[in-house]
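One structure is given below, encoded as structure tokens.
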Amino acid sequence: MLDTELSIQSGMPAPFHAYQLDDAYDEMFSSAGRPRDHYKRLFRRLMELTPEELEERQQAADLSFLHQGITFTVYSDTRGTERIFPYDLLPRIISAAEWDTVERGLIQRITALNLFLHDIYHDAQILRDKVVPFDLVYSSKHYRREMRGLDVPHGIYITVVGTDLIRLPDGQFAVLEDNLRVPSGASYMLANRAVMKRVFPGLFRNYGIRPLDFYGQALLTTMRYLAPPASGDPSIVLLSPGVFNSAYFEHTFLARQMGIPLVEGRDLIVHDARVFMRTTSGLRPVNVIYRRIDDDFIDPLVFRKDSMLGVPGLFSAYRKGNVTLANAAGTGVADDKAIYAYVPAIIRYYLGEDAILPNIDTFLCSDSVQCSYVLDNLDSLVVKAVGESGGYGMLVGPHSTAEQREEFRRQIQANPRNFIAQPTINLSRAPCFLEGQVEARHVDLRPYILYGERVTIVPGGLTRVALRRGSLVVNSSQGGGSKDTWVLHE
Amino acid sequence: MLYSVRHTTRFQYKLPVSEAITEIRMRPRDSEIQHCNLFRLTLRPQANALSFTDSLGNVVHHFSQPGVHQELQIVAESEVMVSAPPVLPASLDATAWAQNDEAAAAGDHWDMFQPSAYTTSTARLEALARELDVTRRDDPLTVLLALNAAIHRTFAYDATSTQVDSPIDDALLHRRGVCQDFTHIMLALVRNHLRLPARYVSGYLHHRRDDTSADGASHAWLEVFLPGLGWVGFDPTNNILAGERHIQVAIGRDYADVPPTRGVYKGGSGSELSVSVRVRPLHGSGGAAGTADAPLDDGSEPPVYRSTAQALQSSYAQAQQAAAQQQQQQQQQQ
């Protein structure tokens, strides 16, 4: 029996028989049978519960997600169905000291990236000083020439950020990706917490967990701060692409949390460079738009002509400062995966500090030397398309077929600027409740950062889990799930 | 030379439209050799024209007409002073190529080196480059003057052959086109084969009888940045350098950046566009009066450029499907 063999190897008590420990950092155990301090109480609790009791709680959680309609859509799936977002029962726990580093590191990074955006759309001093190659910026498909010289309220470009962090084998948190356009998933973070409180009420109450349910209000406060100065009590809306979008659930959820109207492009109209919302009682001015639509689609007059989701003339109102877009247009250039490689240099340039959270080594295919290294090592590297997200356009070398590698080789050679590669990182593992026992699965962490009058980081974020054994891909579009994330007071 | 320009644009829609938003680039630029003294815009239906200056220094006007209408008329009148650009040397030093490359390596004019929507190379363009032997030799100015003449010689001007927004391959296939085609083809060759920064200029030409391009329409040419000289205008349609008769309105990477009008509206099922442009020198500005220089001004109505804008007709079901697809395309950074 495989299970018995594993349990002998791991030396772990039930329900941890199949728990795998190796050179990946383990969130819960420092070594077999020895939980880390901040996991000890959870460990004891799991020993007390029978597998049946755990199973019941998992079912209660799943039902709760189903009843709330918390779903997402997988596009590549021919069934084209909405799915329940897979929720893992066990929390991921982060100590206060670890969180302190994460928080300082994120504030530093976001501050620098925001300064970078302002710079490249104004004097481009960082390009003149040759800290970042100008052609990398100008050739980014998310660089918006329309943003040159345009001033955004308080100089804030990236209002809502979801930075993907992973833990290196030594336990240190590192940044895997910056998501500066329309980061999603905050609704799952909130929903996970609500369900957790219901299925583990006692454990939750006594664990000393920092709250995160203020997120909706914090988001609203941040948006208010960004309102054009003359707007008085600002009118704020959430602009969604519509019901067919994978994150539509999140759009409805956040609009409700914030207490603001959920609109689509056709609900808005621009007249004389001002934005209005059509309501049953006539047109109502709009001052701030939390938009969940890509730049390309926001205004058919300025960007894609064929966009049916945007608002004609919206950019003219934006340019005049009559309406604020959050996030600003053109932020995608700073989360381009080729620019990512320069973020430590960007932090040093603007803040004169070393990056608190390190980057992952990155090879730029735009550089011919690095590119040939990448092509020679496709079987060991992770290759990513620079402008994509959500795990699309990605090759995980060690888990790829020869055919897939050839396909990427062809694509890289055709358009080297479009690709980067990174070593395959053995992400940290956290305990998950799977099929009646606790097993270790790879996780990452996406904290949500709000940049308004001050930078607010919700303690925790979305821990994403690669539920398939051995898988390193945590994206929900690629078979990932999520779990509640606890940041402790002490 | 002081000119008065009257640029009339009329859209007639087959069915009534509403919620129209329009952007226009019609105000002549201010530059070292050009000054726009006066600009007046008359719109029907009436609308409040607002403006901004884009990152290339073009003045863009925009306006909204929410009500139901079946015709849009834009009359842009301007008075603009154009002085002669500095006289060019007969040729440049051969080191100008190296100077250009040095500036390019520093990132100057990056956008104007890149292939853009209308200047991306095609097999036919490569064939033309071989035919005309477009390669770096002598000095940049000499090569450009020869290329300006060669394009003029190779292509026939034919106002009916292409639309303002046709891809260059249409003109390359039939060896005929309008000023936009001449300009895009030369832009593509200059950027891709000479690796010099070049930009598209949309504007007006005060026509003479011997000009190739049609009077009564807007005009297009290109400018190339040359070491020591700055931006120098070439007009391959007429095989001349841009001079006192060229009135600059907007500059961009190509036509796509600077169409005179761009609009979105609801309803309708296609429209007919008619455009007329009248450029007149104003008296007392010292215009030359030689036979060849005599402006074309016989008091007749200016010719009108007509085209049918592409029909935007699609069924409701098709539109719904397209919208659903776009909703799915939105990256939510999951």
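So that the names make sense, note that chain A is the first sequence line, chain B the second, and so on, each numbered from 1.
Shown here for A:Leu309 and B:Gln327, the closest heavy-atom pair between the two residues is CD2-CG, 3.5 Å. Smallest separation of non-hydrogen atoms from A:Phe134 and B:Ala104: CZ-O, 3.8 Å.
Between the CZ atom of A:Phe315 and the CD atom of B:Glu23 there is a distance of 10.0 Å, given to the nearest 0.5 Å. Rounded to the nearest 0.5 Å, atoms CD (A:Glu146) and OG (B:Ser55) are 8.0 Å apart. If you take CD1 on B:Ile21 and CG on A:Asp299, they are separated by 8.0 Å, rounding to the nearest 0.5 Å. One distance of note links CZ of B:Phe52 with CG of A:Leu150; it measures 9.5 Å at 0.5 Å rounding. Remark: A:His271 NE2 to B:Asn48 CG distance equals 7.5 Å, nearest 0.5 Å.
In terms of heavy-atom pairs under 4.5 Å with chain B, the best-connected choice from A:Ser139, A:Ala124, A:Pro133 is A:Ser139. Looking only at heavy-atom pairs under 4.5 Å with chain B, the residue among A:Ala273, A:Ser307, A:Ser240 that has the most is A:Ser307. Heavy-atom pairs under 4.5 Å with chain B were tallied for A:Gly313, A:Gly162, A:Pro300, A:Pro183; the largest tally goes to A:Pro183. Most heavy-atom pairs under 4.5 Å with chain B, from the set A:Lys130, A:Arg319, A:Arg128: that is A:Arg319.
Within a 6.0 Å radius of CD in A:Gln125, more than 12 heavy atoms belonging to other residues, nucleotides or ligands are found. The environment of CZ in A:Arg278 is crowded: more than 12 heavy-atom neighbours from other residues, nucleotides or ligands sit within 6.0 Å. The number of heavy-atom neighbours closer than 6.0 Å to CZ of B:Arg136, taken from other residues, nucleotides and ligands shown, is above 12.
When each of B:Asp54, B:Asp111, B:Asp257 is paired with A:Arg145, the side-chain hydrogen bond (donor to acceptor under 3.5 Å, both in side chains) condition holds for B:Asp111 and for no other.
Both the backbone and the side chain of A:Tyr138 come within less than 4.5 Å of a heavy atom in chain B. At a 4.5 Å heavy-atom cutoff, B:Ala256 makes no contact with chain A through either its backbone or its side chain. For a residue to count as touching a neighbouring chain, one of its non-hydrogen atoms must lie under 4.5 Å from one of that chain's; by this rule A:Leu180 touches chain B with the backbone only. Residue A:Asp296: no heavy atom, backbone or side chain, is found under 4.5 Å from chain B. With a threshold of 4.5 angstrom between heavy atoms, A:Val302 approaches chain B through side-chain atoms but not through N, CA, C or O.
In terms of modelled atom types and a separation under 3.5 Å, the side chain of B:Ser64 and the main chain of A:Asp272 share a donor-acceptor contact. Using a distance-only test at 3.5 Å, with no hydrogens or angles considered, a donor-acceptor pair links the side chain of A:Lys320 to the main chain of B:Ser51. Side chain of B:Glu19 to backbone of A:Ile269: no donor-acceptor contact under 3.5 angstrom is found. Listed for the B:Gln326 side chain is a donor-acceptor partner under 3.5 Å among the backbone atoms of A:Met308.
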